[in-house]
Amino acid sequence: MDDLDRRIINNLQGGFPVSERPFLDAAQTLRIGERDLISRIEDLLETGVLSRFGPMYHAERLGGGLTLAALAAPPERFDEVTALVNAHAEVAHNYERDHELNMWFVLATERPDDIDRVLAEISSETGLVVHDMRKLEEFFVGLRFEA
């Protein structure tokens, strides 16, 4: 990763233009060409420097459902369970934790009622108890990673 990659990562975490040509607008801010920006982002994704590039939606404000869930995956089945959980398009993030509940994931659905259905499917497919930990109160944490 060179200095330009670092500038791209650092600049685009704080916002991405909502416009007819967002990559062009972002590229102009970075003083590079639109195609260069797209190519650099593709390279960062292909090389695994970035795991994801895209918007973060507030599912509940769009009328959808959102929850944090966890399960205890047996270590010998962890990869299998990860694949089963991640096969659901509604799974936004999935993290391994050093805890009895060693897999935590965020579920975002189009409708609030879909949360229960998807959690039941994951429980049925994995044979594991899925703990639904819906939020009681929302806090905003401005998380950024400096490259």
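These values consider heavy atoms only, across backbone and side chains, with no hydrogens, waters or symmetry-generated copies. Residue indices begin at 1 and follow the sequence shown.
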Kindly compute the distance separating [atom1] ([X]) from [atom2] ([Y]), expressed to the nearest 0.5 Å.
X	Y	atom1	atom2	result
Gln28	Leu37	CD	CG	11.0 Å
Asp132	Thr67	CG	OG1	3.5 Å
Ile41	Asp36	CD1	CG	11.0 Å
Ile115	Leu107	CD1	CG	4.5 Å
Glu138	Leu66	CD	CG	8.0 Å
Leu44	Arg6	CG	CZ	10.5 Å

Heavy-atom neighbours of [X] [atom1] exceed 12 at 6.0 Å:
X	atom1	answer
Glu20	CD	no
Arg111	CZ	no
Arg31	CZ	no
Glu100	CD	no

Item checked: Side-chain donor/acceptor of Arg52 to backbone N/O of Ala92, under 3.5 Å -> no
All heavy atoms of Val130 vs all of Ala69, minimum pair found to be CG1-CB, 3.9 Å
Between Gly63 and Pro112, the two heavy atoms sitting closest are O-CD, 3.2 Å
### Query
Are Leu45 and Ile8 grouped together when hydrophobic residues (ILVMFWY) are joined by side-chain heavy atoms under 4.5 angstrom apart?
yes
Any non-hydrogen side-chain atom of [X] less than 4.5 Å from a side-chain atom of [Y]?
X	Y	value
Val85	Leu71	yes
Glu34	Ile38	yes
Met1	Ile9	yes

How would you list all residue pairs meeting ring pair (Phe, Tyr, Trp, His ring centres under 6.0 Å) that involve [range], not counting sequence neighbours?
range	result
residues 28-51	none
residues 99-138	none
residues 1-41	Phe16-Phe23, Phe16-Phe53

### Task
May I have the step-by-step check of side chain to side chain contact (heavy atoms under 4.5 Å, CB included) for Asp5 and Asp43, ending in yes or no?
CA-CA 10 Å; Asp5 288 338; Asp43 288 346; over 6 Å; no
> Passes side chain to side chain contact (heavy atoms under 4.5 Å, CB included), Met103 versus Leu128? Steps please.
Replying inline: CA-CA 11 Å; Met103 183 181 296; Leu128 300 169; over 6 Å; no
Sorted by chain and residue number, the ring pair (Phe, Tyr, Trp, His ring centres under 6.0 Å) partners of Phe78 (sequence neighbours excluded) come out as none
Self-check item: salt_bridge(Arg134, Asp116) N-O dist < 4.0 Å
Solution: yes
Hits for side-chain contact (heavy atoms from CB on, under 4.5 Å) against His88, two or more places apart or cross-chain, chain-then-number order -> Glu90, Val91, Val118, Glu121, Ile122, Glu125
By side-chain contact (heavy atoms from CB on, under 4.5 Å), Ser51 pairs with (sequence neighbours left out) none
